[in-house]
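The structure under discussion appears below in the form of structure tokens.
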2 protein chains.
Amino acid sequence: MNGPLTSSDIAREAGVSQATVSRVLNGSDRVAPGTRDRVLAVIERHGYAPSALARGLVTNRSQLIGVIVADITNPFYPEFIEAIGESLAARELRMLFYNGGLGDEEAYVRLLLEHRVEGIIFTSALRSSQAVRRLVDERFPLVLTNRSVDGADCDVVVGDNPAGAQAAAQHLLDLGHRRIGLITGHAEASTSVERAAAFATRLEAAGVELPAHLVRDAAFDQAAARRVAVEMLTGPDQPTALMCVNDVMAFGALNAARSLGLRVPEDVSVMGFDDIPMAGWEAFRLTTVRQPLAEMARASVRLLSERIAERGRPAQRLVYPSDLIVRDTTAVPAPDRRAAEARR
Amino acid sequence: MNGPLTSSDIAREAGVSQATVSRVLNGSDRVAPGTRDRVLAVIERHGYAPSALARGLVTNRSQLIGVIVADITNPFYPEFIEAIGESLAARELRMLFYNGGLGDEEAYVRLLLEHRVEGIIFTSALRSSQAVRRLVDERFPLVLTNRSVDGADCDVVVGDNPAGAQAAAQHLLDLGHRRIGLITGHAEASTSVERAAAFATRLEAAGVELPAHLVRDAAFDQAAARRVAVEMLTGPDQPTALMCVNDVMAFGALNAARSLGLRVPEDVSVMGFDDIPMAGWEAFRLTTVRQPLAEMARASVRLLSERIAERGRPAQRLVYPSDLIVRDTTAVPAPDRRAAEARR
DNA sequence: ACGCTACATGAATGCGCATACATGCGTCAA
DNA sequence: TTGACGCATGTATGCGCATTCATGTAGCGT
């Protein structure tokens, strides 16, 4: 009576062979109804659970999917993880979860491979990720979600960052902003780079300058964004609006404004990107760009399991639309506002 | 060349036996330095990763720990998961992650057991959980974090809920509040029950009534708490303060107040419990009760791995202190709402 | 009644590894 | 020089399961 029961234990008690137990477990085979019921009864009675280790060893299918997240405390990710978890469960797949995946990706991937995961979902790969490129070269099933990696020809699920960022820029331009600060994420994150580039391009096209000191990196981090925003809002050449390439950093900017006694949007406008659920909370009411996060998460799982089933298929790149969501953190810039009020 | 390399492949190429490869992989054994280097070179060259499935089958150690969370989108959990992940990694353990564990716990646990997890961390067990009790009966290694289960004699890591809730009650009483609303979590969650009970007791001891219609359940959910708070703040017998048994619900209450145009703390005071990082954000500046979340998470992992090593040891219950953190959402009550409005 | 088929089931095998046991070699004391 | 011993390494085995092949039995037609 050491450790969990085995299929042989069940077989003995049910008076059949181990092979038969295996057959009823896997349903498909032809087993006499009476035998099946008898075996199932024994399984039920003991709460027998077949070993996924042994099964995986034989079938070469671990039922495990590795999911790598850079920072689960960043409120962007939980939504994703939730949706991924649901999709995985629906496909009889379990999640081997790794948080902090930015550091030594190599080590993480190694561990995942030891456990013979059938595939990996990277939610926060860096553009230059060696680990990702190597896996792609080996045709190991993986999908990049919300990010892409330079030169890696693999399945990718992203939002339409350029369109979203341009819409954001246009929104601020339309309001009349001409001095705009941009808070970017990690310089190695495609998401940040794409959004920042498109935003800058749109501004440039409208003849609005985006000086270097108004473009700051905050690595997708709330606290860092808060610091950077404080600096921009107290430094020279203060912006009338702050664009952040994700919502979490926009919360940081909002916190910064509040800590400085500035009103949003009266004194500064703030924009985010992603439209995570918190962005809609009364505490924020953040103007942002919506991405269909849950849908993107589901698509990632779908793509991954399709690739597992068919390794040779051509890589797909799914691009989801981005929609401008105007809430309460953006308005006409302050000077104009005064003028407008005076005009009345 | 199907599937990953095996130790036999490595052995063949290194000119040794499979057993020797296994020996160098597991370090300990006496292997000639020259042989070891040769084998390691081959392993390195091919990026060979030994199968955790096969190893687990032999050693009966999967290196997997199941972690069950009720709702990862609840900002309380990511902190926990992060800390748990780090502790697990430090012990060469991986996280098999399950979100949504409140629903069919039975099914989840079954899956975890199939994968032969060495232990399970429940972060959101319900008081009456059958699944937990059964596991405890079977002496399966598990620890309950932030929750306890009635009649389950197992390792538990919790904050000092009674002390924290009493401190919260005392704080509101000291400020002069006499009509206080209480928003509770899931009625089956020990955390909620303990906090609510201690809070009520303290009020009662001070001769302050806590009428039934001012005690509402919001299941630890932000949106539900928001709804309930709106009802209490617009209904009859409006409270001057709202105590929420966790921070996330306090955010809901804050959102409710804001949506009603009520100022916090001038018109209503709001308190939470947990002191998750967001509670300190300028957007909230929530008065709350701090629990050492990361420490509790680490202790959970420690307890679990100790129990895995020694199944027979007596169950431990670790109680961590709770500290009142006074920030900006609590103040002396407005004499009454009308007076407050008249003043404006 | 006989032989044949279809089907239910058992026996045997191997997945990749750790480990107990066996072997062969060098070393050292006598 | 010899036998005993220790060390490095090889051989054999089994973990729990899926699966292939072998076997026996019932059911069928003629």
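Note on naming: letters A, B, ... go to the chains in the order of the sequence lines (proteins, then strands), and numbering restarts at 1 for each one.
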| message | Determine whether a donor-acceptor pair (one donor, one acceptor, N or O, separation below 3.5 Å) exists between the side chain of A/Gln18 and the base of C/dA11. | response |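 By the distance-only test, no, there is no pair.
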| Can you find a donor-acceptor N/O pair under 3.5 angstrom joining the side chain of A/Arg23 to the base of D/dT20? |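 Checked by distance alone, the answer is yes.
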| request: Applying side-chain hydrogen bond (donor to acceptor under 3.5 Å, both in side chains), name anything that partners A/Arg127, two or more places apart in sequence or on another chain. | output: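 Per chain and number, A/Arg127 pairs via side-chain hydrogen bond (donor to acceptor under 3.5 Å, both in side chains) with no residue.
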| request: Look at all strands and tell whether B/Val16 reaches a base, only sugar-phosphate, or nothing, counting heavy atoms closer than 4.0 Å. | output: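 Counting heavy atoms under 4.0 Å across all strands, the contact made by B/Val16 is with sugar-phosphate only.
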| message | With nearest nucleotide decided by heavy atoms, which residue, B/Ala19 or B/Arg116, maps closer to the 5′ end of DNA chain D? | response |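 Nearest-nucleotide comparison on DNA chain D picks B/Ala19.
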Using only side-chain N and O atoms of [X], determine if any of them is under 4.0 Å from OP1 or OP2 of [N].
{"X": "A/Tyr48", "N": "D/dG16", "answer": "no"}
{"X": "B/Ser22", "N": "C/dA18", "answer": "yes"}
{"X": "B/Ser51", "N": "C/dG16", "answer": "no"}
{"X": "A/Ser7", "N": "D/dC17", "answer": "yes"}
{"X": "A/Thr6", "N": "D/dG16", "answer": "no"}

| task | Could you work out which one of C/dA18, C/dC17, D/dT9 sits closest to the side chain of B/Pro50? | result |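 Of all the options, the side chain of B/Pro50 is nearest to C/dC17.
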| Residues which pass salt bridge (Lys or Arg N to Asp or Glu O under 4.0 Å) with B/Arg91, listed by chain and number, not counting sequence neighbours |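 None.
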